[in-house]
Amino acid sequence: MYINKAFELVKWTEGQTGMNPAVGCVIVKDDRIVGIGAHLTEGEAHAEVNAINMAGIHAKGATLYCTLEPCSHHGRTSPCTKKIVNAGIKKVVYATTDVTLSSGVKYMQSEGIEIEKVECKAIDDFYAPFFMSKTASLPYVTIKMATTIDGKTADDESISKWITNEKSRAHAHKVRYGMDAVMVGYNTYKEDTPTLDARLYKDKYIKKVIVTNGPFVLNTQDDNDYDRSRLIIVSTIEQHIEGVTVIHVPHLSPEHILKALYKQRIRNLLIEGGMQTIRTFIEAKCYNEIHHYIAPKLLGGTSKHQFLTTDTHSSMRDMTQFKLVSVNQFDDDVLLIYRKA
């Protein structure tokens with residue numbers, strides 16, 4: 001029960017913690033919650049510290065529930081394990097082991113703290129992208145697509161507004177809020193003039209990544225200090241654009257793009273278009289998840305905007321296997337979230 005309460009705090013703060021994972025913590029004494037805490041912003045106090053500070057003297061002899069194993073290393077903040085020991089916490093219950101850092105379990109046990117690890121698939125699934133990104137030193141890549149039942153992303157005049165309904169689009173903004181950056185190709189940037197922000201969640205600063213093989217020309221709507229600062233241009237041409245981050249790469253392979261973006265502190269990347277950009281990343285297998293919004297509509301027409309058609313030869317031997325993470329319904333629209341197996 002209490003570990004689920006801690007996980008609720010994680011969901012409230014997802015997308016706020018930069019290169020650090022979102023963590024939730026609840027402290028319980030005599031069957032009463034005496035402290036709660038979440039890691040709110042990168043570089044600030046961790047969830048366990050905030051919860052202990054709230055609990056005050058009531059932390060002594062209490063049980064601490066945490067979604068992620070408490071850290072035991074010195075970074076921008078001091079180790080949470082020392083704070084736990086000094087506060088007199090009697091027992092620590094955690095859900096997910098931090099496979100990227102040295103364990104603090106042995107230290108806490110040596111100080112007489114009882115340790116219990118509980119199994120929670122939902123929490124493990126939540127932290128999987130963080131571990132994948134940190135271990136590989138690459139962004140965790142999510143590809144988002146919105147199609148009709150017959151797999152069309154737009155009509156034959158390239159008009160795509162609106163395939164999905166308003167609730168689906170609102171959810172897509174919530175997904176963007178959890179990302180560090182949203183990426184599209186240059187043609188999509190010029191033709192659709194997308195804002196690529198979480199318009200329903202204005203407090204999040206999300207980077208806007210554009211990839212191009214040629215010179216970049218700024219859209220009029222981005223010609224201000226704020227939007228210039230959001231832009232990251234990944235290009236094969238060296239160029240200078242005032243107030244814009246421009247990354248020069250030898251060619252636009254997904255591998256080069258992702259390595260360059262990770263150096264810009266992009267840990268979670270959402271790719272929204274266009275189709276050529278998405279196809280390139282899928283053919284290179286440089287992605288981790290697919291978010292597929294399906295509208296209950298048949299569009300017909302040619303295969304011009306058919307979802308994921310390519311000119312490469314297909315083979316049953318080369319099929320990519322996926323794991324279904326979740327199924328969500330927004331009125332008559334459906335969202336299928338798949339993670340590569």
Side-chain angles (χ1 to χ4, degrees), residues 4 7-16 22 24 120-129 140-184 188 191-204 206 208-209 268-275 277-279 281-282 287-301 305-309 320 322-341:
N4 293 329
F7 193 34
E8 288 178 17
L9 295 170
V10 169
K11 296 173 185 177
W12 292 345
T13 57
E14 181 183 4
Q16 296 182 185
C120 183
K121 184 178 182 299
I123 298 178
D124 288 343
D125 284 345
F126 175 83
Y127 286 116
Y140 185 88
V141 178
T142 299
I143 291 175
K144 176 241 177 179
M145 289 300 307
T147 75
T148 57
I149 293 174
D150 52 343
K152 301 298 290 292
T153 61
D155 65 17
D156 288 342
E157 280 72 48
S158 300
I159 297 173
S160 60
K161 295 182 179 180
W162 294 104
I163 285 178
T164 55
N165 64 32
E166 189 174 342
K167 287 185 178 179
S168 291
R169 298 196 298 274
H171 181 268
H173 283 282
K174 186 177 181 181
V175 172
R176 281 184 183 177
Y177 186 86
M179 300 292 165
D180 300 315
V182 182
M183 185 173 80
V184 297
T188 298
E191 293 172 8
D192 295 348
T193 60
T195 56
L196 303 183
D197 59 1
R199 289 187 286 282
L200 303 179
Y201 305 88
K202 283 290 190 182
D203 60 325
K204 177 70 183 291
I206 303 169
K208 183 174 181 175
V209 180
N268 280 313
L269 175 68
L270 180 66
I271 303 178
E272 291 203 357
M275 281 308 303
T277 300
I278 289 174
R279 288 186 186 112
F281 274 77
I282 286 182
Y287 64 98
N288 304 97
E289 279 188 13
I290 290 180
H291 288 201
H292 189 182
Y293 295 83
I294 305 173
K297 302 169 184 176
L298 291 172
L299 189 54
H305 292 290
Q306 198 75 26
F307 180 42
L308 293 185
T309 55
T320 302
F322 291 89
K323 178 175 67 173
L324 180 63
V325 176
S326 66
V327 179
N328 302 275
Q329 185 171 349
F330 307 105
D331 289 338
D332 291 329
D333 286 1
V334 175
L335 166 62
L336 303 176
I337 297 181
Y338 293 102
R339 185 173 289 171
K340 277 203 299 187

Inset, instruction - Mind checking salt bridge (charged side-chain N to carboxylate O under 4.0 Å, His left out) for Lys144 and listing every partner two or more places apart, or none if nothing turns up? - result: none

Legend entry - Non-neighbouring partners of Asp125 that pass salt bridge (charged side-chain N to carboxylate O under 4.0 Å, His left out), sequence neighbours left out: Lys121

Main-chain N/O of [Y] paired to [X] side chain as donor or acceptor, under 3.5 Å:
X	Y	value
Lys340	Tyr287	yes
Asn288	Val141	yes
Asp150	Leu298	no

Distance-minimising heavy-atom pair for [X] and [Y]:
X	Y	answer
Arg176	Ile206	O-CD1, 3.4 Å
Asn268	Met179	CB-SD, 3.8 Å
Thr188	Pro194	O-CD, 3.6 Å
Gly24	Leu9	CA-CB, 4.1 Å
Trp162	Lys297	O-NZ, 3.4 Å

When rounded to the nearest 0.5 angstrom, what is the spacing between [atom1] in [X] and [atom2] in [Y]?
X	Y	atom1	atom2	value
Asp180	Leu270	CG	CG	11.0 Å
Thr320	Tyr338	OG1	OH	13.5 Å
Tyr127	Cys120	OH	SG	10.5 Å
Thr147	Ile294	OG1	CD1	5.5 Å
Met145	Thr164	CE	OG1	11.0 Å
Met183	Thr142	CE	OG1	11.5 Å

Inset, instruction - Side-chain contact test, heavy atoms from C-beta onward, threshold under 4.5 Å: evaluate it for Leu324 versus Phe322 and give yes or no. - result: no

Legend entry - Close side-chain approach of Ile163 to Thr148, heavy-atom, < 4.5 Å: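 Yes. Closest side-chain heavy atoms under 4.5 Å.
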
Legend entry - Residues in side-chain hydrogen bond (donor to acceptor under 3.5 Å, both in side chains) contact with Ser168, at least two apart in sequence or another chain: Asn165, Asp333

Legend entry - Polar side chain donor-acceptor pair, Tyr177 to Glu14, under 3.5 angstrom: no

Inset, instruction - Measure up the His171 and Phe330 rings against each other and bin them: parallel (under 30°), tilted (30 to 60°), perpendicular (over 60°). - result: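 Ring orientation, 0 to 90° scale: tilted.
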
Legend entry - Qualifying residue for side-chain contact (heavy atoms from CB on, under 4.5 Å) with Val184, from Thr277, Leu196, Asp192: Leu196

